[in-house]
Amino acid sequence: MKNASAKKRRRSSLAVQVNILIIVITLSVSLLVAVTTIANYHKAILEPYQHRLAELEIDKKLLTPYLQCFARLFGTEEFNKARATLNTSEDYFVEWLEKTPSFADDDPEYERQNLLLDTTAFDLTINEILESKGLDLACTEILKNGVVYRVAYNNKKEGGFSSLDDFGKEEALFDQPPADFQTPVLIHVGSEHMLIRCVVFDLGDSEGRLWLVFDQTGPIEGLQALMLRSILYLLILTAAASIFSVWMLHRHITNPIIALAQSAQQFEPGEDGTYSADKISTVVIRAENELGELSREIQSMQTRIVENTESLRNMTAEKERISTELNLASKIQKGMLPGIFPPFPERKEFDLFASMTPARDVGGDFYDFFLIDDDHLALVMADVSGKGVPGALFMMVSKTILKNNARMGKSVGEILAMTNNVICDNNDMEMFVTVWMGILELSTGKIMAANAGHEYPAIMKDRSFRLYKDPHSFVIGGMDEVRYKEYELQLEKGEKLFLYTDGLPEATNEHGEMFGTDRMIDALNEYAGLNSREILSGMKSAVDVFVGDAEPFDDLTMLCLEYFG
């Protein structure tokens, strides 16, 4: 039941994703419409009104005398008494205005006898300003002794222009500082949107303000309604598109994908882990689109899997055969190297231990030691140029020839020369081998040695190992008739000889850094007081720690001999 539910969720996920994509696109389009509409409103509606309001010039000299007169009256006892009777049964406010002399009664230009005519003239002046720019609202205010008085107000509603009712009313139109409105500013007042500019008048001990207003409520409400309608239409379109997309997806995408998924699930391996041809998908989508290509590719892929399974079975069998043969070759190679230690338990003149760790299943390094007679011990350390099976075969041939020549009682140089000639006669692969060979006289500790292009040996004297840079001759197998230089070493009681192949100093870590002969000598001196087996074990541990997880680069072969005298 849980599996069926999970499959149903998976099958609907594609449709859900497409619907989410449609909704995201719709919301993005809605946001774009809103941004575009607002931008168009600012460009086509708001900005022209801002320019008109900003460019409106106010003649302060014309209005200032009126405001100064009103400022002197506001707050006086006579004004407050008369104003309090306005619109009451004892109303004498208009009579008081008629009895109050005009502030310009001494100026023949005005020809006004009372304050009522001053108020009327002021209202007409304000109305002229309103009509010149088509303003919707205007209001003059006077700030006196911390109290704001309204002088005139007009909103162009039915009934015409009249400010008498509001004359001197102690009510501020706006609470904002007038300095913030020297340039036009759009603000929200209650449910209305006002574009406002304020002009300030200096009246001595009072301050006058002229507020000029365009009512933007209608355009903004229209804009909001347009945006809401646009978004609503887009949401309806989204719902319709989602329904249609779900239907199309199920018919042309989801159902074919379900069929392909079921056919893919049925393509399972048998109990033996192999795939059979009768389980290859039979679902074919004829449409020339991605799903059609997918159905054909699934068939082709499953066919290749069946063919590759058979090929892999054959390759696995062949690999197992090769692995078995390599394992056998490794055992044969190890069997050809001396592997029993101590090798000569009845001999007390020396202690000897050697090891070879191939980089692959079989290697090209080899070591050897054997008694030529009761007083002479032959020591060999060699490294074949090749790796793997070819190197192992060449190694076995070289080891056999060296040992056979050594048993003939020849000197070290002669043994290497004879071995070189034999190998050169049958070296079609042009391989070569580096060899260090020495013959130890057990009774005296003297070693007669020769080096055919091999690494320098290390000798411990005075309880300290150091490299012995012996004379080198050419490698074996390089060319015919080479003469090999011999030299003599003298081992005293307790001294040691350490032989190795280049796999030791050239062991490389993950950073490409080599182990080197300096680290090798340091490690030898760290274990110098131990026996031969323990020295090789310590050296192997030091190399393993240095190399870490890096792949082995070369065979690692070592031999250590301690002379007891």
Donor-acceptor contact present, side-chain [X] to main-chain [Y], <3.5 Å:
X	Y	value
Tyr563	Leu442	yes
Lys496	Ala528	yes
Ser385	Phe432	yes
Glu562	Leu497	no
His376	Leu371	no

Exercise: do [X] and [Y] side chains pair donor with acceptor under 3.5 Å:
X	Y	answer
Ser443	Asp375	yes
Ser411	Glu486	yes
Asp351	Asn531	no
Asp383	Thr501	no
Glu534	Ser537	no

Handout entry: Sub-4.5 Å side-chain heavy-atom contact between Met408 and Met418
Key =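 Met408 vs Met418: side chains touch.
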Problem - Phe515 to Met539 - nearest heavy-atom pair and separation - result: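 It is CE2-SD, 4.3 Å.
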Practice task
Mark yes when over 12 heavy atoms from residues, nucleotides or ligands other than Asp374 sit less than 6.0 Å from its CG; otherwise mark no.
Solution key: no
Problem - Aromatic plane relationship, Phe369 with Phe341 - under 30° parallel, 30 to 60° tilted, over 60° perpendicular - result: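 Tilted.
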Practice task
Using a strict 4.0 Å threshold on nitrogen-to-oxygen distance, state whether Arg463 and Glu495 make a salt bridge.
Solution key: no
Could you go through residues 473-482 and list every donor-acceptor pair under 3.5 Å that involves a side-chain atom there, pairing it with any protein atom two or more places apart or in another chain?
| residue | atom | partner | partner atom | Å |
| --- | --- | --- | --- | --- |
| Ser473 | OG | Lys485 | N | 3.1 |

Practice task
Identify, with sequence neighbours excluded, every residue that meets side-chain hydrogen bond (donor to acceptor under 3.5 Å, both in side chains) alongside Asp502.
Solution key: none
Handout entry: Sole residue of Val435, Asn451, Leu416 in side chain to side chain contact (heavy atoms under 4.5 Å, CB included) with Tyr484
Key =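 That would be Leu416; it is the only one of Val435, Asn451, Leu416 passing the side chain to side chain contact (heavy atoms under 4.5 Å, CB included) with Tyr484.
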Problem - Residues which pass side chain to side chain contact (heavy atoms under 4.5 Å, CB included) with Lys403, listed by chain and number, not counting sequence neighbours - result: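 Expected list: Asp368, Phe370, Arg407.
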